[in-house]
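Residues: numbered from 1 along the sequence shown.
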Amino acid sequence: MPDPGLVLILNCGSSSLKFAALDPTNGEEHLSGQADALESSVATLKWRYRGENNLLQLSPNDDFRSVIEGLVERMDGPWSTLKTQLLAIGHRVVHGGEHFANSVLIDQQVLTAIRSCCELAPLHNPAALQGIQAALLAFPQLPQVAVFDTAFHQDMPDYAYLYALPYKLYREHHIRRYGMHGSSHRYIAERSAELLGKPSSEINVISAHLGNGASIAAIKGGHSVDTSMGLTPLEGLVMGSRCGDLDPGLLLHLGEALDYSFTKLEQLLNRESGLLGLSELSNDCRELEEAMENGHSGARLALEVFSYRLAKYIAAYTIPLHRVNALVFTGGIGENSTWVRQKTTNWLSALGYQLSQEQNESTRFGIEGRISKASTPEILVIPTREDWVIARDAAQLASGAR
Ligand code: AMP
């Protein structure tokens, strides 16, 4: 059998680096791992290779570059079979601005464009650039591909992506809605089409990606026509510790009446709000469900606000789609929380949505399938595979580059 080849995926966050080696033809994971709390005294590196889990303490001096160099060293030693199979490196990049509607092979022009988007994603894009630079040095012989979270949403029409602000802010400063989680929503669109037995160009899907970060997309014939995240990942749904939609006047009030600084506002909106802020307990849905069962009223309130906001978005997104072939739940919460799925669907009964309690209970923990009652609008659960989307794009672009 010919060697299928593997793609090494690098996902650099503000202080973490996730990596995986995947077979792009079937999504099989040959290596996965994560470096956390980089450049701190508690930095660690975890990985799983050939069914074995490993953990290593890192030095506070370790950064993206040294972690990637460490991966290369292992590939020259214990992981040498893996190295010979690598056919490309795929980089997850959060913000591609209006430059990228698709994944691309990385060259100097692409690097310049990613750099120009740093002000739109100040925590994420600089980290991705560092990861790319380190990988270019470490794997100079391999094609490197950038896959953007924003790319899938570049098809949105102007009436969906514009804020009702002076148009000049868009024209001169690119202030508009971009949307994120593009690789996940794209996977959901493609996989739903397979499950429904139709080409994706013929189906309309509402994709609810509910994880610690959460967003929803209206996807028409395989194209995103609206999505809930905006210029930044703060807009839209309630998230683990992010607030989602707010009255912008509230920010003026906090600044003027309560003297909040920009730093304090950033902390409040990104890290102290959402499920965590409302529950005064945790940003973690599973923990909140347990607490709710034990009578914690804050946990219940947080999950109620989360589900109500989500239901309102789902109802709104039937408007651009006209006809909805499936509502899909994905992400850690969407794939597992029977409570959130039930509560959200209850709000949507006016649109005909009804859950099969039995299917809702049995479709979790990585299981894919239909959870709606027979003869009611289709509701699916699909475990998302952003990593596989990145691997497929990287392999495809790399094969064109050879
Ligand atoms: P993600 O960011 O996609 O990894 O999703 C993380 C979220 O999924 C957290 O809020 C978890 O509590 C939630 N989650 C994972 N497993 C479960 C579960 N069994 N029940 C409820 N929520 C879960």
Side-chain angles (χ1 to χ4, degrees), residues 94-103 117 120 147-165 167 170 174-196 198-211 213-239 244-245 309-331 334 344 347-348 350-353 377-380 382 384-386 389 393:
V94 166
H95 224 301
E98 290 187 321
H99 300 280
F100 302 105
N102 291 295
S103 304
C117 297
L120 295 172
V147 179
F148 300 91
D149 262 30
T150 47
F152 183 58
H153 303 299
Q154 277 296 297
D155 281 351
M156 282 196 292
D158 52 5
Y159 52 78
Y161 71 66
L162 282 173
Y163 291 113
L165 289 167
Y167 193 76
Y170 169 58
H174 315 289
I175 290 178
R176 51 160 281 182
R177 309 182 59 254
Y178 288 94
M180 279 89 197
H181 289 144
S183 301
S184 174
H185 291 304
R186 199 176 115 201
Y187 178 80
I188 295 305
E190 290 165 6
R191 187 68 192 135
S192 316
E194 282 168 13
L195 291 177
L196 298 175
K198 289 186 177 172
S200 40
S201 58
E202 285 177 24
I203 64 154
N204 299 339
V205 177
I206 296 178
S207 164
H209 176 110
L210 313 175
S215 75
I216 177 164
I219 304 166
K220 192 172 189 178
H223 298 274
S224 173
V225 292
D226 207 345
T227 192
S228 58
M229 283 181 170
L231 177 77
T232 75
L234 253 182
E235 190 179 345
L237 301 177
V238 176
M239 303 178 220
D245 291 340
R309 173 95 50 93
L310 172 61
K312 284 203 294 185
Y313 261 97
I314 293 168
Y317 280 4
T318 58
I319 300 295
L321 297 186
H322 307 297
R323 163 183 59 82
V324 181
N325 295 89
L327 162 63
V328 187
F329 287 103
T330 191
T344 307
W347 280 117
L348 295 167
L351 298 177
Y353 288 104
E378 201 87 48
I379 309 175
L380 303 174
I382 301 179
T384 195
R385 290 295 309 270
E386 290 159 288
V389 170
D393 278 8

Side chains of Thr384 and Tyr187: does their closest heavy-atom pair fall under 4.5 Å? yes
Does Arg186 pair with Asp393 as a salt bridge, N-O distance under 4.0 Å? yes
What pair of heavy atoms forms the shortest contact from Gly179 to Thr227, and how long is it? CA-CG2, 3.5 Å
Please walk me through it: do His99 and Gln154 pass side-chain contact (heavy atoms from CB on, under 4.5 Å)? CA-CA 9 Å; His99 300 280; Gln154 277 296 297; over 6 Å; no
For Leu231, check side-chain contact (heavy atoms from CB on, under 4.5 Å) against everything at least two apart and list the hits. Leu120, Tyr163, Tyr178
Shortest non-hydrogen contact from Asn204 toward Gly221: OD1-N, 3.2 Å
By side-chain hydrogen bond (donor to acceptor under 3.5 Å, both in side chains), which residues pair with Ser224, not counting sequence neighbours? His153
Closest heavy-atom pair, Ile219 versus His185, reported as atoms and distance to 0.1 Å, is CD1-O, 3.5 Å
Determine the sole option in Arg309, Arg177, Arg176 for which the salt bridge (Lys or Arg N to Asp or Glu O under 4.0 Å) test with Glu235 is passed. Arg177
From Asp155 atom CG to Lys220 atom NZ, the distance as rounded to the nearest 0.5 Å: 12.5 Å
Strictly by side-chain hydrogen bond (donor to acceptor under 3.5 Å, both in side chains), give each pair with a member in residues 319-329 just once, sequence neighbours left out. Arg323-Asn325
Mind telling me whether His209 and His181 have parallel, tilted or perpendicular rings, with 30° and 60° as the class edges? parallel
Spatial distance of atom CG (Leu380) from atom OG1 (Thr330) [nearest 0.5 Å]: 11.0 Å
Those residues at least two apart in sequence (or on a different chain) that pass ring pair (Phe, Tyr, Trp, His ring centres under 6.0 Å) with Phe329 are none
Regarding Ser228 and Ser215, is there a side-chain donor-to-acceptor distance under 3.5 Å anywhere? no
Is any side-chain heavy atom of Leu162 closer than 4.5 Å to a side-chain heavy atom of Tyr167? yes
What are the two closest heavy atoms between Pro377 and Gly352, and how far apart are they? CD-O, 3.1 Å
To the nearest 0.5 Å, what is the distance between CD1 (Ile188) and CD1 (Ile206)? 13.5 Å
Evaluation steps, side-chain contact (heavy atoms from CB on, under 4.5 Å), between Leu310 and Trp347: CA-CA 10 Å; Leu310 172 61; Trp347 280 117; over 6 Å; no
Please check if the side chain of Asp226 supplies one atom and the backbone of Ala218 the other of a donor-acceptor pair under 3.5 Å. no
Residues that Tyr313 engages under ring pair (Phe, Tyr, Trp, His ring centres under 6.0 Å), provided they are two or more places apart: Tyr317
Distance-minimising heavy-atom pair for Pro320 and Val225: CB-CG2, 4.0 Å
Verify, without hydrogens or angle tests, whether Ser200 (side chain) and Ala193 (backbone) share a donor-acceptor contact under 3.5 angstrom. no
Could you pull out all residues at least two apart from Tyr353 that satisfy ring pair (Phe, Tyr, Trp, His ring centres under 6.0 Å)? none
Does the pair His95 and Met180 meet the rule for a side-chain contact (heavy atoms from CB on, under 4.5 Å), with working shown? CA-CA 8 Å; His95 224 301; Met180 279 89 197; 3.8 Å; yes
Using every non-hydrogen atom in the two residues, find where Ser183 and Val389 come nearest and quote the distance to one decimal. O-CG2, 3.5 Å
Derivation of the side-chain contact (heavy atoms from CB on, under 4.5 Å) call for Ile216 and Ser207: CA-CA 6 Å; Ile216 177 164; Ser207 164; over 6 Å; no
Checking the side chain of Thr150 only, and the main-chain atoms of Gly96 only, is there a donor and an acceptor separated by less than 3.5 Å? yes
